[in-house]
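See below for the structure under consideration.
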Amino acid sequence: MRRRTGIAGAAALLLLGGCTTGPSLETRGEVTEPPGDSKSLVVGSAGFTESDLLAQMYTLLLNKAGYSTRILSVANRELYEPALESGQIDVVPEYAATFADWLNAKKNGADARPVGSPDLDATMKALRRLAAPRGLTVLDPGKAVDQNAFAVAASYAEQHQLKTLSDLGRSGLKVRLAAGDECVQRPYCAPGLKKVYGIDITKVDPKGVGTTQAKKAVQGGQDQMVLTTSTDATLDDFGLVLLKDDKKLQNADYLVPVVNRSRAGSEGVAAALGRLNPVLTTSDLASMNEQVDSWRRLPRDVAEGYLRDKGLL
């Protein structure tokens with residue numbers, strides 16, 4: 001359910017040409033080249049606020065470590081992942097479970113059984129196993145996670161004493177859920193809420209994932225719950241609060257840097273980007289998203305301010 005639409009024109013031109021530096025067809029499945037350490041790196045962004053912020057933080061940390069960088073926005077995984085394999089993009093922020101399932105489907109078909117799960121360790125093992133034959137190295141995840149989440153009106157939560165999704169299931173309340181229409185079938189959405197938590201979902205109201213329309217429907221009482229994300233910084237504006245996913249229905253979509261091994265697989269790159277891991281939290285990311293989306297600050301300024309505040313620049 002991540003935002004993945006459109007493509008920047010300049011990026012489209014870049015992706016049509018250029019030489020490749022990933023593994024050849026003959027060597028796919030084994031890693032034989034030593035990790036590279038190019039001093040001039042291209043950092044990819046998927047074109048939405050959070051990805052732009054992460055790309056800016058990556059460039060600033062890499063610059064401090066002595067690398068020159070530029071950012072390329074390619075808002076479509078079908079294009080930026082092959083560019084990452086070929087070395088046209090060297091580093092990109094990704095989401096562990098989502099990317100694992102995407103690579104799995106690319107290798108084994110759209111109907112392949114998902115390998116992403118709520119278990120971070122298992123998800124990372126699967127992701128690294130799928131990424132390595134493509135010449136990609138998945139660096140360590142930090143503390144920040146951006147996964148699907150469910151919110152209700154604060155007044156509704158207070159009235160029914162709800163803090164977790166288990167609380168909602170035990171309440172026996174009938175719930176209209178504002179979400180994307182795919183929520184009807186996705187195991188982490190309506191079916192999972194019913195199976196794992198026993199929540200009585202009477203209808204999925206197809207208003208989109210975390211849209212203003214969906215939040216207003218919950219704010220006004222037309223719907224009782226909305227599907228959004230854990231880094232949604234606008235919930236307070238609509239008087240909404242998240243219910244804790246206490247039984248871990250959602251997959252482990254922790255933020256992970258993915259690099260082209262032959263160009264950016266060095267310890268220097270890993271160390272530079274790894275400085276963010278013990279610092280960046282989910283709430284930090286939500287706050288930065290808000291500064292860009294609601295306060296209209298530039299991603300570069302927000303990213304730089306955050307890194308300076310944390311003593312990373």
Side-chain angles (χ1 to χ4, degrees), residues 11 14-15 17-46 51 54-72 74 77 79-100 102-104 106-107 115-116 120-144 252 254-280 307 312-313:
L14 173 72
L15 294 169
C19 61
T20 62
T21 59
S24 68
L25 291 175
E26 291 77 12
T27 60
R28 242 176 232 280
E30 58 180 286
V31 178
T32 56
E33 295 284 333
D37 193 27
S38 173
K39 295 302 180 182
S40 179
L41 300 174
V42 177
V43 179
S45 166
S51 190
L54 290 163
Q56 292 289 352
M57 285 190 280
Y58 286 7
T59 62
L60 289 163
L61 291 170
L62 289 167
N63 290 163
K64 183 174 174 62
Y67 296 88
S68 65
T69 60
R70 65 186 179 93
I71 292 177
L72 180 66
V74 186
R77 188 180 275 117
L79 289 173
Y80 75 67
E81 189 277 331
L84 185 61
E85 288 189 32
S86 70
Q88 292 168 309
I89 293 175
D90 302 305
V91 186
V92 70
E94 262 295 355
Y95 300 87
T98 295
F99 196 44
W102 194 88
L103 289 179
N104 187 45
K106 185 175 181 179
K107 177 182 178 182
V115 295
L120 177 59
D121 289 341
T123 296
M124 288 296 297
K125 286 179 182 178
L127 174 55
R128 284 171 166 155
R129 184 174 64 249
L130 289 160
R134 297 183 177 277
L136 306 180
T137 296
V138 182
L139 303 184
D140 291 338
K143 297 189 291 186
Y254 284 75
L255 297 172
V256 291
V258 182
V259 304
N260 177 286
R261 174 183 166 85
S262 65
R263 287 185 49 79
S266 69
E267 291 184 4
V269 170
L273 300 180
R275 297 178 65 212
L276 197 58
N277 287 355
V279 177
L280 182 65
L307 294 179
L312 297 180
L313 288 184

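With hydrogens and angles disregarded, a donor-acceptor distance shorter than 3.5 Å links the side chain of S68 to the backbone of K39. In this structure, S266 contributes its side chain and D37 its backbone to no donor-acceptor pair below 3.5 Å. At least one donor-acceptor pair under 3.5 Å links the side chain of T59 to the backbone N or O of Q56. Checking side-chain atoms of R263 against main-chain N and O of S40 turns up a donor-acceptor pair under 3.5 Å. For the pair R275 (side chain) and L61 (backbone), a donor-acceptor distance under 3.5 Å is absent. Judged by distance alone, with hydrogens and angles left aside, the side-chain atoms of N63 form a donor-acceptor pair with the main-chain N or O of Y67 at under 3.5 Å.
Counting all heavy atoms, side chain and backbone alike, L136 lies closest to N260 at CD2-CA, 4.4 Å. Closest heavy-atom contact between V91 and A264: CG2-CB, 4.3 Å. Minimum interatomic distance between R77 and F99 (heavy atoms only, all atoms of both residues): NE-CD1, 3.7 Å. For A131 against V138, the heavy-atom pair with the smallest separation is CB-CG2, 3.8 Å. The two residues P93 and A55 have their closest heavy-atom pair at CG-N, 4.4 Å. Heavy-atom minimum distance, L127 versus A96: CD2-O, 3.8 Å.
Distance check: L280 CG to M57 CE gives 5.0 Å after rounding to the nearest 0.5 Å. With values rounded to the nearest 0.5 angstrom, L139 atom CG is found 12.5 Å from L255 atom CG. Interatomic distance, R128 CZ to D140 CG, rounded to the nearest 0.5 Å: 5.0 Å. A distance of 7.5 Å separates CG of L41 from OG1 of T69, quoted to the nearest 0.5 Å. Between atom CG of residue L130 and atom NZ of residue K107 there is a gap of 6.0 Å, rounded to the nearest 0.5 Å.
The residues D90 and R261 are annotated as not salt-bridged, no charged nitrogen and carboxylate oxygen being separated by less than 4.0 angstrom. Taking the charged nitrogens against the carboxylate oxygens, E85 and K106 do have a contact shorter than 4.0 Å, which makes a salt bridge.
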Show your reasoning for whether side-chain contact (heavy atoms from CB on, under 4.5 Å) applies to Y58 and L276. CA-CA 9 Å; Y58 286 7; L276 197 58; 4.2 Å; yes

Given the rule in the side-chain contact (heavy atoms from CB on, under 4.5 Å) test, do R134 and L103 qualify, once you have shown the distances and angles that lead to the verdict? CA-CA 10 Å; R134 297 183 177 277; L103 289 179; 4.0 Å; yes

Run the side-chain contact (heavy atoms from CB on, under 4.5 Å) check on L72 and V43 step by step: do they pass? CA-CA 6 Å; L72 180 66; V43 179; over 6 Å; no

I'd like to know whether M124 forms a side-chain contact (heavy atoms from CB on, under 4.5 Å) with V256, so could you lay out the CA-CA distance, the side-chain angles of the two residues, the decisive distance to 0.1 Å, and finally the verdict. CA-CA 10 Å; M124 288 296 297; V256 291; 3.9 Å; yes

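Within the 4.5 Å cutoff, the side chain of L120 has heavy atoms near those of the P141 side chain. Taking 4.5 Å as the limit, every side-chain heavy atom of Q88 sits out of range of all side-chain heavy atoms of Y80. Considering only heavy atoms from C-beta on, L62 comes within 4.5 Å of V269 through its side chain.
For N277, there are no side-chain hydrogen bond (donor to acceptor under 3.5 Å, both in side chains) partners, not counting sequence neighbours.
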